[in-house]
Amino acid sequence: MMTAWVTVWGILIVLFQASALVPTEKPTCIPGFQSDMLVYQVVRKHLRLGTRLGKVGFSDCTERRAFPFHSDDDHFTVQRDGVLKVKRPIDIHRHREFTIHSWDSEGHRISVPVRVVHHGHRHGKHHHDVERHHGERKHHNHLHRHTKVDSAENTESTTDQQVPILQFAKSVEGLRRRKRDWIIPRLSVPENSRGPYPLRVAQIRSSEDKLKRIYYSITGRGATEAPVGIFTIDRDSGNLYVTQPLDREAKESYMFEAHAVADGAGTAEQPMEIIVNVIDQNDNKPVFAQSTFLGEVAESSPGGSTVIKIEAKDLDEPNNDNSDIRYSIQSQDPTLPSDPLFAINPITGVIRVNAGGLDREKYPKYTLVVRAADLRGEGLSGEAKVILTVTDSNDNAPAFTQPAYEASVEENKIDAHVITMSVTDGDEPLSAAWNAVFTIVAGDPGGLFTVKTTESNKHEGIISTAKALDFERSTQHTLLVAVVNEVPFAIPLLTATTTVVVTVVDVNEAPIFNPIEKQVSKREDLAVGSEVVQYTASDPDTARKQIVTYRIIRDPAGWLSVAKDTGLIKVKSLMDREGSFVKDNKYTALIGASDNDDVPATGTGTLIIQLEDVNDNAPTIEERSIRLCHKDSAPQLLSVTDKDGPGFAAPYSVSLHGPSKTNWTARMNDSKTGIVLNLATVLDSGEYTVVLRVADNQGMAQDSTVLATVCDCTGEEVTCKGRAVAGSELPVILGILGGILLLLMLVLLLLFFARRRRGEQKVPLLQEDDIRDNVYYYDEEGGGEDDQDYDLGVLHRGLDNRPEVFRNDVVPNFMPAPQYRPRPANPEEIGNFIDDNLKAADNDPTAPPYDSLLVFDYEGGGSDAGSISTLNSSSSGDQDYNCLNEWGPRFKKLADMYGGGEDDDML
């Protein structure tokens, strides 16, 4: 029994010692405000600047005692130590509510509502549970876990700054897992810290360090992975250091793991995940999207008009005072007509017109220097330029260069230029506010004038005539012309006007027929000399009192005549409704009327005569020839026409006359418009003339002949084998053609033999029976003509002296032959006849010997030509030269030499 009690007490002691070794868990710390709503009571309704309302309690589970706060009501501010003050004077009407924001060590925003109540208004009890905003996760009623620092084992000097101590999570014995409510707080390190480095930021502790020797290490990004070496840890003490300044804009957080290893026993703790947030500092100034902004503003823009929006960016943490930008205008150039002429919204950056007075003609451009500063306008700042171009508005009315204009224009002219008006305008040239628009506002009720501008010059108004002016109606027109712009005036302005006085110049106008086109109806057989109509014209120039005379301008058939003074039109020759100049029973003539001005003016009128039909044309047969068989022939249908109208045409009647009555029959068809002709007897093949008398419904008749060819065939299909003309038959024709062919072959045979014979004989240059008188001239007289039997063929040989080549084989054929004069009948003209023909022969390239370069040797050895030294003239012979005496004085010497005369007497 005693042994059993000892055993029980031993177990209890062991359990008590084991429970003593398990440390008591501390409550988890949750960053946040002390209460879920803060209420402050004030006794005064008006709160002055700097009034202290109370202190805001906030903790981020670290050793920090100063925090950044932000109020969404700009009348209140919270200092970094948590003191709530009045920033701008305010009156509290019953109560005022707003929200205060702060950020924990992990950078998450935590908010709490605040109510400032004027004394006398009571409120219920408020809970003190802290609401923590962490993304979309909310943790309620977490216990605050205070970081405990063990001074007995702290090896750091008391002068070192205090840092948070991170404990590895405890594990329940046997389960070896973490407690679910064990939260490792994030570490926060401000960027751009000045050090000194390495800078201690935390200490890692293991609960096993009291029993064992623990070695610490870290792995992950910022430690052993890129960027390597940003964080290091002391192997023995577990102190965590940052080795260099951090830049939140480059990397806003780092995550790595801490490890604890027992000396000689392996891993002592599960790895701890550590997150280090980089706390933002105001190290970036706002930067504008562009260094210079360009905008436009209309000169007539009223106050409050939006001009342009500018924007700047701050790389610091968003939704933070470090990136909260405010805009302002620093300067304006020029400062006229007022400063500031523009205003900017400090939050949105929208620039608006602040005051009126913009005038493009005076100040066409403004340059603004704008500033963007963070910390709500109290921190770092950047600047940019805004260049605003003042665009033109229609604030200047166009004005005429002259108050009045005078012009003159001839009457009866359409689209005639009257005058050109000019205006000036102070707005921007070639813009819609500068281009002018002219209108005639008075003085033209009939729309006689138009005014317009040209594409090349919008400041010139051109007045032209839209209709013909009439001097006899009005000699002068006074126009009131106004001018505006293509766009309405931007401000109230007076419309400029001018007066244009147009004088109408009288011109000689042509007489005017009344009516211009006159139509009358007359019988076509109206007798010559009969009156047709009196067609007169009046002279519009009533003041001139001119005389009008008439004449026929166009009368294609020559049927009419007109009285010069009265305009009475009569028949000059018989008219014919069926004439070629009549269209649709109408005959058209053009009548002219002229005045007696120095330069006469002529007007024209058209006379249309509707010709009434009379029965003056007999019917005729259209078909003039037919062909049919002599046996069982088909009836022939002949068409009948009548030039007269329907009242004097069908129905027609027909009858046969002469020998045609015996061999033919004729009758009208059912419509009485055609003739049915039949062969009554069998006729021999040949051509026959059929005489038919056709009459219209009034009995006017006319004989018509039809040539009928009767063929040797039967039935309706006509086949003519031959024509019996003068007893000729086909064999006779073939015989004639054969004889002609034989005759042609005989002629060709004779020509062939004649050509062959001609080729065998050489035709000399001069035929033996060719008798012509040759006149030879020598420097000395002597000798006769006994040696004229020389061979002229030598002269026809070519350059190469080849006998087979003759000059008549290369006769020039590219030059026309000259015209020779025929022999005159008057013997006294024989001299001129010879001179003219001599010149023609000299220029005749076709006359032998031809003009070619010939080569001759000297008269001696080797020359084919004999000597010509023996050539002489002789008077012997039986020729009669007495005719030379009849050729005139030029041939008197020859007549004396050869015909006898004074020279013979002298001998």
Side-chain angles (χ1 to χ4, degrees), residues 30-60 64-104 107-133 279-282 286 314 316-329 340 343-350 354 371-381:
I30 299 178
F33 291 91
Q34 292 178 351
S35 177
D36 58 355
M37 186 172 186
L38 304 178
V39 180
Y40 299 92
Q41 294 185 355
V42 294
V43 296
R44 293 182 179 181
K45 181 179 181 179
H46 177 73
L47 300 180
R48 293 178 297 178
L49 176 67
T51 302
R52 188 176 184 275
L53 300 181
K55 191 170 183 179
V56 177
F58 180 81
S59 174
D60 66 347
R64 291 197 302 166
R65 296 294 179 264
F67 305 96
F69 295 96
H70 171 67
S71 172
D72 59 6
D73 190 337
D74 58 1
H75 290 86
F76 302 93
T77 183
V78 182
Q79 298 178 353
R80 295 183 67 85
D81 57 359
V83 177
L84 176 62
K85 289 185 176 182
V86 177
K87 184 178 180 182
R88 293 171 55 192
I90 186 175
D91 292 331
I92 304 298
H93 300 281
R94 297 183 64 182
H95 67 273
R96 189 177 184 91
E97 295 180 353
F98 56 94
T99 303
I100 294 177
H101 310 279
S102 187
W103 290 263
D104 61 10
H108 298 105
R109 185 171 67 176
I110 304 174
S111 305
V112 64
V114 179
R115 174 175 291 182
V116 179
V117 183
H118 181 239
H119 183 67
H121 295 277
R122 304 177 63 88
H123 296 269
K125 182 180 179 181
H126 299 279
H127 296 283
H128 294 279
D129 297 331
V130 178
E131 179 179 354
R132 179 182 183 221
H133 302 277
I279 301 175
D280 183 48
Q281 301 293 324
N282 192 18
D314 195 315
D316 289 325
E317 184 178 3
N319 302 321
N320 191 302
D321 285 351
N322 295 336
S323 60
D324 196 352
I325 298 174
R326 295 293 184 269
Y327 300 95
S328 61
I329 297 177
I344 189 171
N345 186 306
I347 298 176
T348 63
V350 175
N354 188 50
R371 178 175 178 265
D374 56 19
L375 293 180
R376 298 186 177 186
E378 299 178 359
L380 302 177
S381 63

Open item on the list: Restricting to non-hydrogen atoms, name the atom on R52 and the atom on V83 that form the minimum distance, rounded to 0.1 Å.
Closed with: NE-CG1, 3.3 Å

Task: Shortest non-hydrogen contact between E317 and S323, atoms and distance - done: O-OG, 2.6 Å

Open item on the list: How about CG on D74, more than 12 heavy atoms from neighbouring residues, nucleotides or ligands closer than 6.0 Å, or not?
Closed with: yes

Task: Sub-4.5 Å side-chain heavy-atom contact between H95 and V116 - done: no

Task: Min side-chain heavy-atom separation H118-R96 under 4.5 Å - done: no

- [ ] Check step by step if side chain to side chain contact (heavy atoms under 4.5 Å, CB included) holds for L53 and K85.
- [x] CA-CA 6 Å; L53 300 181; K85 289 185 176 182; over 6 Å; no

Open item on the list: Looking at every non-hydrogen atom in both residues, tell me the closest pair between N282 and G379 and how far apart they are.
Closed with: ND2-CA, 4.3 Å

Open item on the list: Quick check against the 3.5 Å criterion: does N322 have a side-chain atom that pairs as donor or acceptor with the backbone of D316?
Closed with: no

Open item on the list: Measuring only between side-chain heavy atoms, which start at C-beta, is L84 closer than 4.5 Å to I100?
Closed with: yes

Open item on the list: Show the nearest heavy-atom pair for residues I325 and A372, with the distance to one decimal.
Closed with: CG2-CB, 3.7 Å

- [ ] Indicate yes or no: at least one non-hydrogen side-chain atom of P31 is less than 4.5 angstrom from one of I110.
- [x] yes

Task: Expected output: side-chain D72 to main-chain T99 donor-acceptor under 3.5 Å - done: yes

- [ ] Check whether any side-chain heavy atom of S102 sits under 4.5 Å from a side-chain heavy atom of R109, and report yes or no.
- [x] no

Open item on the list: Please check if the number of heavy atoms outside E378 that lie under 6.0 Å from its CD is greater than 12.
Closed with: no

Task: side chain to side chain contact (heavy atoms under 4.5 Å, CB included) between R326 and R371, intermediate numbers included - done: CA-CA 8 Å; R326 295 293 184 269; R371 178 175 178 265; over 6 Å; no

Task: Value rounded to 0.5 Å, distance of CD1 in I90 from CG in L47 - done: 7.0 Å

Task: Within-4.5 Å side-chain heavy-atom neighbours: S71 and T77 - done: no

Open item on the list: Would you compute the distance between atom CG of D280 and atom CG of N319 and round it to the nearest 0.5 angstrom?
Closed with: 11.5 Å

Open item on the list: Tell me whether S111 contacts the main-chain N or O of H101 through its side chain, where contact means a donor paired with an acceptor under 3.5 Å.
Closed with: no

Task: Closest contact, heavy atoms only, F69 versus F33 - done: CE2-CE2, 3.9 Å

Open item on the list: Can you list everything that forms a ring pair (Phe, Tyr, Trp, His ring centres under 6.0 Å) with F98? Sequence neighbours excluded, please.
Closed with: F76

